[in-house]
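Working notes for the structure below.
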Amino acid sequence: MADNYKQISSETLTKTRQKLEKPKLYKVILLNDDYTPMEYVVKLLKMVFSRNEEDAVNIMLMVHKKGSGVCGVYTKEIAETKVFTVEKMAKNDQHPLKCIMEPE
Ligand code: TYC
């Protein structure tokens, strides 16, 4: 019998409430600045967010024009890791690039 059905008599089946909650999702957002080179942002979007060239360029341009842009939506731990990785890479390469996360 399927796991999410409970047999309460030989003839009656009741579907039990699914107990698994949907995980909360978080947007990872890149912030604009005046110093980080555009090519560097594109490279980072490809590496950290697995974006292709076209998507990476579009996201970078959106951030450049509007001040911020969503790079992806992830569960909490994955979003935290992406933010950490972006800031660590940028700091290591001496760019002031900032990245934040927000509940969706
Ligand atoms: N504004 C930067 C420039 O003109 C480019 C840039 C884009 C920087 C996106 C940060 O998140 C960023 N070189």
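Residues: numbered from 1 along the sequence shown.
Aromatic ring centroids of H95 and Y35 lie 6.0 Å or more apart.
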Practice item. Give the C-alpha distance, both sets of side-chain angles, the deciding distance and a yes or no for side-chain contact (heavy atoms from CB on, under 4.5 Å) between E53 and V42. Key: CA-CA 7 Å; E53 175 77 19; V42 171; 4.3 Å; yes
Exercise for review: Show your working on side-chain contact (heavy atoms from CB on, under 4.5 Å) between N32 and S68 and close with a plain yes or no.
Suggested key: CA-CA 6 Å; N32 190 32; S68 67; over 6 Å; no
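Under a 4.0 Å N-O distance rule, the pair E80/K76 qualifies as a salt bridge.
When every heavy atom of M89 is checked against every heavy atom of Y40, the shortest pair comes out as O-OH, 3.2 Å. Across all their heavy atoms, A90 and L97 have their closest contact at CB-CB, 3.8 Å. Here the shortest heavy-atom pairing between E104 and V73 reads OE2-CG1, 3.6 Å.
Side-chain contact between I29 and M101 is absent, with no heavy atoms from C-beta onward closer than 4.5 Å. Within the 4.5 Å cutoff, side-chain heavy atoms of T75 are placed close to those of I78. In this structure the side chain of Y74 never reaches within 4.5 angstrom of the side chain of T81, judged on heavy atoms. N52 has its side chain out of reach of K46: every pair of non-hydrogen atoms, C-beta onward, lies at least 4.5 Å apart.
Of the options V83, L30, L31, V28, a side chain to side chain contact (heavy atoms under 4.5 Å, CB included) to I100 is made by L31 and by none of the others. The residue from D55, L44, I59, V70 that alone fulfils the side chain to side chain contact (heavy atoms under 4.5 Å, CB included) condition with F49 is L44.
From Q94, atom CD reaches atom CG of N92 across 8.0 Å, with rounding to the nearest 0.5 Å. To the nearest 0.5 Å, the span separating NE2 on H64 from CG on L61 amounts to 7.5 Å.
A distance-only check finds no donor-acceptor pair linking the side chain of R51 to the backbone of V57 [under 3.5 Å].
M47 and V41 fall within the same hydrophobic cluster, defined by Ile, Leu, Val, Met, Phe, Trp and Tyr side-chain heavy atoms under 4.5 Å apart, directly or through other members. V48 and M62 fall into different hydrophobic clusters, defined by Ile, Leu, Val, Met, Phe, Trp and Tyr side-chain heavy atoms under 4.5 Å apart, directly or through other members.
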